[in-house]
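All remarks here apply to the structure that follows.
The structure displayed is predicted, hence computed values, not measured ones.
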Amino acid sequence: MTRIFGTHLFDSRDFRLMRIVFLAFLVVSASAISALAAQPLKITEKTKTYSIKGQTAAQFAASMTSRGPYSRQLRRRVWASATRSLSFRMNYRRTSGSCTNRGARVDMDIVYRMPRLASKSGVPRSQLRKWQRMYAILLTHERVHGRYYKQLARQVHKALARKRTAKNCSDIDRWAKALVKKMSAANVRKNLRFETRDRPNFRKMRRIYQGT
């Protein structure tokens, strides 16, 4: 069967093919729109390492103590860390005499700093097993901090999406900065409470490298 559209002839098979292509275009378009809608919240995670040396678990511990990243909160070097950098940019709709926020772009960059054994040469297998257990405890601990940071990013993004109208956009900026500061402080307290709750794992770590 032949269908006539204007001055062009289409076979029915061509028509079915066009329908498939058109439906595929709609799916791709919907996906693109969804991607654009999700774009205002961006979370990135990176892992950086520092080298340590040693032949025993006790030496690994000593090397991490002297070479580990510096914690501003604890004011000393630590064996591993998870740090965050949160930024946001408000979107506005300006009208005569008023300004309304239309959500915000929120970026959360999380960096994990973990120890890396420079060389396994000459390290007894029993000590390597201890090292693997020590590393696993550290990684699990820092990933919890990372999870809390991601929660903060989502909470901030949701909070800044609330519709708010003011006379000037600068008023909305001040509101947003105060809100993010408050939420960030709450997140710091949440992470510090976790440090206290996780002390049993610190004691477990101590038993590993002290051999008790």
Side-chain angles (χ1 to χ4, degrees), residues 5-6 8 15-48 69-75 78 80-114 139-198:
F5 295 86
H8 298 282
F15 182 74
R16 287 196 298 270
L17 180 60
M18 286 182 64
R19 279 192 68 200
I20 293 171
V21 171
F22 179 69
L23 290 172
F25 173 77
L26 289 178
V27 171
V28 171
S29 298
S31 300
I33 292 170
S34 298
L36 286 172
Q39 189 179 6
L41 173 61
K42 183 180 179 183
I43 300 174
T44 60
E45 294 179 273
K46 296 179 181 179
T47 299
K48 296 183 178 181
Y70 184 80
S71 170
R72 292 183 179 179
Q73 282 186 340
L74 302 176
R75 297 181 181 180
V78 293
S81 69
T83 57
R84 64 171 168 87
S85 175
L86 175 67
S87 62
F88 66 93
R89 185 176 70 248
M90 301 297 294
N91 296 319
Y92 307 109
R93 182 176 63 191
R94 292 179 174 85
T95 57
S96 57
S98 69
C99 180
T100 303
N101 74 303
R102 304 179 66 183
R105 176 184 175 86
V106 176
D107 291 278
M108 171 69 81
D109 297 318
I110 302 170
V111 178
Y112 302 99
R113 289 176 174 81
M114 299 294 298
L139 183 61
T140 299
H141 179 89
E142 299 309 328
R143 290 296 181 182
V144 172
H145 287 303
R147 188 170 75 244
Y148 290 166
Y149 297 157
K150 286 183 280 188
Q151 289 174 358
L152 172 63
R154 296 186 184 102
Q155 290 165 358
V156 167
H157 184 250
K158 183 178 180 180
L160 295 181
R162 297 175 194 153
K163 186 176 179 180
R164 191 177 184 90
T165 301
K167 186 175 181 180
N168 299 304
C169 293
S170 57
D171 294 334
I172 295 179
D173 270 336
R174 283 191 290 271
W175 163 78
K177 289 176 182 177
L179 180 63
V180 172
K181 183 178 180 180
K182 181 179 179 181
M183 297 177 74
S184 181
N187 188 261
V188 169
R189 293 192 295 270
K190 184 176 184 178
N191 278 279
L192 290 175
R193 288 195 297 270
F194 169 65
E195 290 288 340
T196 301
R197 289 199 313 273
D198 206 38

query = Lys182: what forms a salt bridge (charged side-chain N to carboxylate O under 4.0 Å, His left out) with it, not counting sequence neighbours?
reply = none
message = Is any side-chain heavy atom of Arg84 closer than 4.5 Å to one of Asn187?
response = yes
request  = Give the minimum heavy-atom separation between Phe88 and Ala176, together with the two atoms involved.
outcome  = CE1-CB, 3.8 Å
query = Considering all heavy atoms of both residues, which atom of Thr83 and which atom of Tyr149 are nearest to each other, and what is their separation?
reply = C-CE1, 3.9 Å
Salt bridge (charged side-chain N to carboxylate O under 4.0 Å, His left out): pairs with one or both residues in residues 142-157, sequence neighbours excluded = Glu45-Arg143, Glu45-Lys150
query = Listed by chain and number, what are the side-chain contact (heavy atoms from CB on, under 4.5 Å) partners of Arg189, not counting sequence neighbours?
reply = Ala185, Ala186, Arg193
note = Here the salt bridge (charged side-chain N to carboxylate O under 4.0 Å, His left out) pairs for residues 171-180, sequence neighbours left out, are Asp171-Arg174
remark   = The salt bridge (charged side-chain N to carboxylate O under 4.0 Å, His left out) partners of Asp107 (sequence neighbours excluded) come to Arg105
ask   = Looking at the rings of His141 and Phe194, which for Trp means the six-membered one, are their centres under 6.0 Å apart?
value = yes
request  = Quick one: list whatever passes side-chain hydrogen bond (donor to acceptor under 3.5 Å, both in side chains) with Arg197, sequence neighbours left out.
outcome  = Tyr148
task = State the CG-OG1 distance between Leu139 and Thr47, to the nearest 0.5 angstrom.
result = 7.5 Å
note = Tightest non-hydrogen contact, residues Ser81 and Pro69, listed as OG-CG, 3.6 Å
ask   = For Thr95, which residues count as a side-chain contact (heavy atoms from CB on, under 4.5 Å) partner, sequence neighbours excluded?
value = Ser98
inquiry  = I'd like to check the side-chain hydrogen bond (donor to acceptor under 3.5 Å, both in side chains) partners of Asn101; sequence neighbours left out, ordered by chain and number.
reply    = none
Non-neighbouring partners of Thr100 that pass side-chain contact (heavy atoms from CB on, under 4.5 Å), sequence neighbours left out = Lys163, Thr165
query = If you measure from CD1 on Ile172 to CG on Leu179, what distance do you get to the nearest 0.5 Å?
reply = 12.5 Å
key: Partners passing salt bridge (charged side-chain N to carboxylate O under 4.0 Å, His left out) against Arg164 (at least two apart in sequence or in another chain)   = none
ask   = Considering residues at least two apart in sequence or located in another chain, which fulfil the salt bridge (charged side-chain N to carboxylate O under 4.0 Å, His left out) criterion with Arg93?
value = none
inquiry  = Going by side-chain contact (heavy atoms from CB on, under 4.5 Å), name the residues that satisfy it together with Leu74, two or more places apart in sequence or in a different chain.
reply    = Ser71, Arg76, Val78
inquiry  = Quick check: closest heavy atoms across Gly146 and Ile110, and the distance to 0.1 Å?
reply    = O-CD1, 3.7 Å
task = List the atom of Met183, the atom of Leu152, and the distance in Å for their closest heavy-atom pair.
result = O-CD1, 3.7 Å
request  = Measure across Trp175 and Ala159 and return the closest heavy-atom pair with its distance rounded to 0.1 Å.
outcome  = CH2-O, 3.9 Å
